[in-house]
> 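Structure below; questions to follow.
Below, all heavy atoms of this structure are taken into account, side chains as well, without hydrogens, waters or symmetry copies. Remember, predicted model here, so these are calculated numbers, not experimental data.
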Amino acid sequence: MAAHRRRWLNWGLVPGPVDFYEPFYSTQLHDDIAQYDPTYVAEITLRIPQVQLTHAATPGWWEWRARWTDKGGAHITLGMTLFDIDPAPFGGFNLDADCSAYELLHVWNALRANLPRLWLHSPDCRIYRPESFHAEHVA
């Protein structure tokens, strides 16, 4: 497959509802947002092949970073965020990526194996399902 790399700026992965109708925007998120423990999220993220820790959660989870890389130089950096409640659950990942849409989808689906309510958030605040992202960006 010829994969065209691009920069994915201001994209993210966010916890959300079990299901939703598209188009769906983060402004529509209210009470039905998944709450994942940051320690669990970090553990399952680091189990994904080609993902390595680049910054520990020191002094806190906001500093935690991991990076997926491939042999061709494509990469996806995952920067953890938290919700502003106590105790603070995982709030999502900020993405800094230079990869193909297929590679982004691959890493996202690997995360969704253990975080099924993790959705892709675009710069215009649209929330994607894997199928709609594939149809618009991969296919």
> What distance do Leu111 atom CG and Ile48 atom CD1 have between them, rounded to the nearest 0.5 Å?
3.5 Å

> With Trp119, which of Tyr25, Phe24, Phe20 fulfils ring pair (Phe, Tyr, Trp, His ring centres under 6.0 Å)?
Phe20

> Heavy atoms, side chains only, cut-off 4.5 Å: are Gln50 and Asp70 in contact?
yes

> For residues Val107 and Leu9: do they belong to one hydrophobic cluster (side chain heavy atoms under 4.5 Å, members Ile, Leu, Val, Met, Phe, Trp, Tyr)?
no

> Please identify each residue that fulfils salt bridge (charged side-chain N to carboxylate O under 4.0 Å, His left out) with Arg47, with sequence neighbours left out.
none

> Heavy-atom distance under 4.5 Å between the side chains of Val41 and Met80, does that happen here?
yes

> When rounded to the nearest 0.5 angstrom, what distance separates OG1 in Thr45 from CD in Glu43?
9.5 Å

> Ring centroid separation for His137 and Tyr102, is it under 6.0 angstrom?
no

> Measuring only between side-chain heavy atoms, which start at C-beta, is Phe83 closer than 4.5 Å to Gln35?
no

> Anything under 3.5 Å between a donor and an acceptor, one on a side chain of residues 53-63, the other on a protein residue two or more places apart or in another chain? List them.
{"from": "Thr54", "atom 1": "OG1", "to": "Arg65", "atom 2": "O", "distance (Å)": "3.2"}
{"from": "His55", "atom 1": "ND1", "to": "Glu63", "atom 2": "O", "distance (Å)": "3.1"}
{"from": "Glu63", "atom 1": "OE1", "to": "Gly60", "atom 2": "N", "distance (Å)": "3.0"}

> Would you say that more than 12 heavy atoms from the other residues, nucleotides or ligands in this model lie under 6.0 Å from the CG of Asp84, or not?
no

> Please name the pair of heavy atoms, one in His134 and one in Leu105, separated by the smallest distance, quoted to 0.1 Å.
CD2-CD2, 3.6 Å

> Are any non-hydrogen side-chain atoms of Arg117 and Arg112 less than 4.5 angstrom apart?
no

> Is there side-chain contact between His75 and Arg67, with heavy atoms separated by less than 4.5 Å?
yes

> Measuring from atom CH2 of Trp108 to atom CD of Glu103, what distance do you get when rounded to the nearest 0.5 angstrom?
15.5 Å

> If I take atom SG from residue Cys99 and atom CH2 from residue Trp8, how far apart are they, to the nearest 0.5 angstrom?
7.0 Å

> Is there a donor in the side chain of Tyr128 and an acceptor in the side chain of Glu22, or the other way round, less than 3.5 Å apart?
no

> Would you say His4 and Ser100 are linked by a side-chain donor-acceptor pair, where the criterion is simply a distance under 3.5 Å?
no

> If you look at every heavy atom in Leu82 and Pro38, which pair is closest and at what distance?
CD2-CG, 3.7 Å

> Give the minimum heavy-atom separation between Leu104 and Ile76, together with the two atoms involved.
CA-CD1, 3.8 Å

> What residue among Ile33, Leu29, Leu115 forms side chain to side chain contact (heavy atoms under 4.5 Å, CB included) with Pro15?
Ile33

> Show the atom names and distances, to 0.1 Å, of all donor-acceptor pairs under 3.5 Å that link a side chain in residues 88-96 to residues at least two apart or in another chain.
{"from": "Asp96", "atom 1": "OD1", "to": "Arg7", "atom 2": "NH2", "distance (Å)": "2.5"}

> Is the positively charged end of Arg129 above the ring of Phe133, judged by distance under 6.0 angstrom from the centroid and angle within 45° of the axis?
no

